Amino acid sequence: MDILVLNSGSSSLKYQYLNSVTGEVYAKGLIERIGIEGSNIAHNTKDYKTQIERDLPSHKEAVELLFEVLLDEEHGIIKDIDEIKAVGHRVVHGGPIVFPTLVDDKVIDTLEYAKRFAPLHNPGAIAGILGVEEVAPGKPNVIVVDTGFHADIPDENSIYAIPYKYYEEDAIKRYGAHGISHKYITMKTAEHLGKDVEDVNVITVHLGNGASITAVKNGKSYDTSMGLTPLEGLVMGTRSGDIDPAVVFTLGKLHNLSYDDMDTLLNKQSGLLGVSGVSSDMRDVEKAANEGNERAQLALKMFYNRVKKYIGSYMALLGKVDAISFAGGIGENSYFTRANILDGLENLGIIYDKSLNDGAREEKEITGKGSKVKVFITPTNEELMIARETQNIVENL
Ligand code: ADP
């Protein structure tokens with residue numbers, strides 16, 4: 001089934017038009033600077049590439065432009081908008097919605113409510129859905145939520161040790177994120193292992209600008225490093241990950257910082273960027289570290305050790321682990337990062353093969369001799385996962 005997948009941010013819209021069965025990607029691209037001067041689309045098909053600058057005051061105009069390039073007489077890949085069977089939208093936080101769901105007014109209201117948990121992400125997703133509803137009325141819109149896969153996490157791993165009433169009254173708990181990716185990686189890893197997904201225990205390590213790690217027990221999320229919001233857990237490009245919550249009120253009092261200031265500090269100014277002072281981008285930090293920049297070296301060590309700590313704790317939580325799978329821009333491409341995380345884990349039964357790991361960027365097993373736990377590079381494919389979930393919903397309409 002031919003599905004358009006949208007990943008809408010507050011000022012951006014990433015898209016893929018693909019076949020949900022074969023995975024063939026007909027077109028993909030990125031619209032940037034929506035609502036800001038200099039808005040543009042970078043659009044790619046198999047044999048055509050274009051970049052168009054146009055004023056795009058809102059997501060509606062962005063969606064209009066997207067349909068325009070898809071329908072373009074000369075270089076378009078569809079003749080009629082009906083060829084797009086449905087639109088699948090990535091939503092970071094579904095609040096109480098956990099399963100892929102056809103959008104109606106009630107769904108939009110729920111996503112509005114869930115904005116409190118993902119103020120950076122959900123408004124863009126809602127704007128993207130409303131944009132499609134305006135430009136292509138009647139086209140089925142399906143949301144696939146990143147928190148969905150983690151809805152199975154048991155209470156003992158998802159409820160915070162704060163007064164229970166905040167869970168009951170305000171729904172404060174660990175929702176996790178990157179669930180679409182963790183689910184995809186889990187399914188692929190089960191395939192590699194030649195087992196049914198419900199028979200595998202896996203640690204899925206998604207390392208991109210945002211980074212998270214999940215303990216998967218019998219194919220279901222059992223614990224994950226991101227929490228109420230995508231701020232908790234690993235050291236990320238600009239996010240701190242785990243810190244003592246007292247840092248918030250101590251720094252707040254010392255520097256007279258508001259909650260919004262602390263939000264910016266921890267979400268946008270921390271992580272690799274905050275420690276290294278160089279960049280939030282792993283390639284830049286690795287380069288600076290190689291050139292002798294000590295703060296970049298420190299940031300990298302912090303990044304590796306945080307992942308190591310989580311792997312160790314998830315080994316303890318799961319008891320038996322079949323495999324560890326690496327994904328995301330860093331997890332797939334930086335063999336240096338994988339090596340630094342995996343070095344020293346031999347006593348936990350995790351051994352990787354250095355020669356298989358070096359330089360590897362593709363889907364590959366990198367398990368070493370004598371390892372009890374298999375190690376894989378499993379490139380993620382969130383768009384395909386969203387397209388497949390969207391197809392499942394639309395088929396049953
Ligand atoms: P996002 O979370 O935005 O989807 P990605 O999964 O695309 O992010 O990952 C982006 C990160 O991957 C950046 O930190 C980038 O530096 C890193 N990355 C990409 N290629 C490499 C590489 N060859 N070596 C090291 N890091 C890489």
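Note that this is a predicted model, so its numbers are computed, not measured. Start at 1 and go down the list; that is how both ligands and their atoms are numbered. All residue numbers refer to positions in the sequence shown, counting from 1.
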remark   = Sequence neighbours excluded, the answer for side chain to side chain contact (heavy atoms under 4.5 Å, CB included) partners of Ser11 is Ile36
query = ligand 1: which residues have a non-hydrogen atom closer than 4.0 Å?
reply = Gly208, Asn209, Gly210, Asp281, Met282, Arg283, Glu286, Gly328, Gly329, Ile330, Asn333, Ser334, Arg361
Residue pairs fulfilling ring-ring contact (aromatic ring centres under 6.0 Å, His included) with at least one residue in residues 30-65, sequence neighbours excluded = Tyr15-His43, Tyr48-His75
query = Which pairs, with at least one residue in residues 154-163 and sequence neighbours excluded, count as a side-chain hydrogen bond (donor to acceptor under 3.5 Å, both in side chains)?
reply = Tyr160-Glu232
Ionic contact status for Arg54 with Glu68, cut-off 4.0 Å = yes
query = Do the charged groups of Arg174 and Asp223 touch, with an N to O distance under 4.0 Å?
reply = yes
task = Would you check if there is a donor-acceptor pair between the side chains of Thr380 and Glu382 at a distance under 3.5 Å?
result = no
